[in-house]
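Have a look at the structure below, then the notes.
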There are 2 protein chains.
Amino acid sequence: MSVEFTQIQIEPAYRKVAAAIGERILSRTLREGERLPAETELARQFGVNRSTVREALRELESRGLVQRRPGSKLMSVSRPQQASVAAGISHALLLHDVTVRDLWEALTILEPPLARAAARARTSEDLARVIAAAEALGATGDDTEQAVHRTAQMFRCLGQATHNPVLALAQEPLLQLLEPSLRVMIDKVPQARSRILTAQRHLVEALQAQDESAAETWMARHIRDFKRGYELAGIDLTLRLTAA
Amino acid sequence: MSVEFTQIQIEPAYRKVAAAIGERILSRTLREGERLPAETELARQFGVNRSTVREALRELESRGLVQRRPGSKLMSVSRPQQASVAAGISHALLLHDVTVRDLWEALTILEPPLARAAARARTSEDLARVIAAAEALGATGDDTEQAVHRTAQMFRCLGQATHNPVLALAQEPLLQLLEPSLRVMIDKVPQARSRILTAQRHLVEALQAQDESAAETWMARHIRDFKRGYELAGIDLTLRLTAA
DNA sequence: GTTGCCGGTTTGTCCGACAATCATACGATC
DNA sequence: GATCGTATGATTGTCGGACAAACCGGCAAC
């Protein structure tokens, strides 16, 4: 008796336009760096108003698929930058009530194997970058902000050294979420700095020797230290994370 | 001699508007489900034109921060849905030339501990879902599309069972990227189906018994099987992944 | 070589307009 | 009383046109 109809989807024009352009980019028909036609021209080609094209461009822009290159008015095709994608992920996770424990658990899972992969795949350039990052961290004074940033930077160098974009990107939102709590922790726990330094120094040595096991082990300790730091700082692990 | 000035950034109004609204959402001043004022009203409040507001809304919309609830014209605040965030990640990774090996390596790292976490944290509802998913997979006929989809669905259930949004979200883009190659593999390698079924049956049992080690072990085998399947299917691991 | 100016292009923003859709209320009909 | 039709107002999607500001390339001037 009950006749069922499939949902009818009416898509506004601006989304169709965005989809059309986005598909061309994903299929690499439009290559990176290529410049998009002007808005009026796009409006002509799609047979819609310029306002409609602009709404579509805003969507593509926020997905990181198009970008205005500095010193140019025309939009050009771009690959989504790691940091901006990661920011989207971080925001999503924040709104989904991620706890400190959730974050820490993910770090526990991801980081040690990542360090291992970095020790295996690192080139000499990667090593140089890691060493530079470690030295910068070691030379940090009392500036908490800087200490946090440089600690995260070390992780990023390791991610880059894996030469695996999946791992590097997976790590980025975790770092973004980590920073605020790390800031509190470093401020409240005096010995945190030296423990971080020690762990990261051993990581550098492991990378230097391409010793995968040592890299994995020290990273595991490093992450475990974070948890201890949270406890010492009196941070409740079941608490929701807050925005940076 | 060379006087240095810091870069001056001029942000267009539509981005400022988007930032203003986005910040309110992230800080939870605007709560989920709450309805945004009408476009004309927003334009009045911000002192800009409605077109400008609309461009800002398109950005927020594509970030998943606002959404139109079915049967309502007003936008309402929403949390970014896992699938849509993951789609963004997948696209980013695709454009960054991720190889089959990169993806497989990430799965190797993430999935076994995820299965372990699922075995630890699963509730009886989670278990019921996993069992239902496994039965659906077992009841799949010759339909490749369905087999692929249900295989991925099992992973999703496990992710949900961890009760850790970070893990669940980290997994999703990997699944989205996995599906196309899995399709090819299942088509070309006859024994793939039964191997998948076996592994997933053992996973269900491990979850049932809350046997963390067994869950981890079987998942590791499961993922290792994928690699073997790729080799048998003649898929070059160093090849770039393609869009779904 | 640098500077300044000029014309054409493109974006950012605005204004005004209108059809289609939805919410709501109010009767009308059975 | 429940369902339906309709009137009314609010809101979105889309359109057309407008204009200042910024940028580009070229050319002249210093």
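In what follows, every chain begins at residue 1, and chains take the letters A, B, ... in the order their sequences are listed.
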Query - Residues in contact with DNA chain D, drawn from residues 39-54 of chain A - heavy-atom cutoff 4.0 Å - result: A:Gly47, A:Val48, A:Asn49, A:Arg50, A:Thr52

Send over the distance from [X] [atom1] to [N] [atom2], rounded to a whole Å.
{"X": "B:Met75", "N": "C:dC22", "atom1": "CE", "atom2": "C1'", "answer": "15 Å"}
{"X": "A:Glu55", "N": "D:dT12", "atom1": "CD", "atom2": "P", "answer": "12 Å"}
{"X": "A:Glu61", "N": "C:dG12", "atom1": "CD", "atom2": "P", "answer": "8 Å"}
{"X": "B:Leu57", "N": "D:dT14", "atom1": "CG", "atom2": "P", "answer": "14 Å"}
{"X": "A:Glu11", "N": "D:dT14", "atom1": "CD", "atom2": "P", "answer": "10 Å"}

Requested in this report: Give a yes or no answer on whether the side chain of B:Asp187 reaches the backbone of B:Val184 with a donor-acceptor pair at less than 3.5 Å.
Outcome: no

Query raised in the report: Looking only at side-chain N and O atoms, does B:Arg58 come under 4.0 Å of OP1 or OP2 in D:dT14?
Result: no

Query - Verdict with supporting geometry, B:Arg58 and A:Glu55, salt bridge (charged side-chain N to carboxylate O under 4.0 Å, His left out) - result: CA-CA 6 Å; B:Arg58 292 297 88 77; A:Glu55 293 189 38; 2.6 Å; yes

**Report entry** 5' priority, DNA chain C, between A:Ile10 and B:Ala13 [closest heavy atom]
**Finding:** B:Ala13

Query - From CA spacing to verdict: side-chain hydrogen bond (donor to acceptor under 3.5 Å, both in side chains), A:Ser62, B:Glu59 - result: CA-CA 6 Å; A:Ser62 95; B:Glu59 176 174 335; 5.7 Å; no

Query raised in the report: For B:Asn49 and B:Thr52, what are the C-alpha separation, side-chain angles and deciding distance, and is it a side-chain hydrogen bond (donor to acceptor under 3.5 Å, both in side chains)?
Result: CA-CA 5 Å; B:Asn49 192 271; B:Thr52 305; 5.4 Å; no

Query raised in the report: Where do B:Arg150 and B:Thr140 land on the side-chain hydrogen bond (donor to acceptor under 3.5 Å, both in side chains) test, with the steps shown first?
Result: CA-CA 8 Å; B:Arg150 290 183 171 170; B:Thr140 307; 3.2 Å; yes

Report summary line: CD1 (B:Ile89) and CD1 (A:Ile89) are apart, to the nearest 0.5 Å, by 3.5 Å

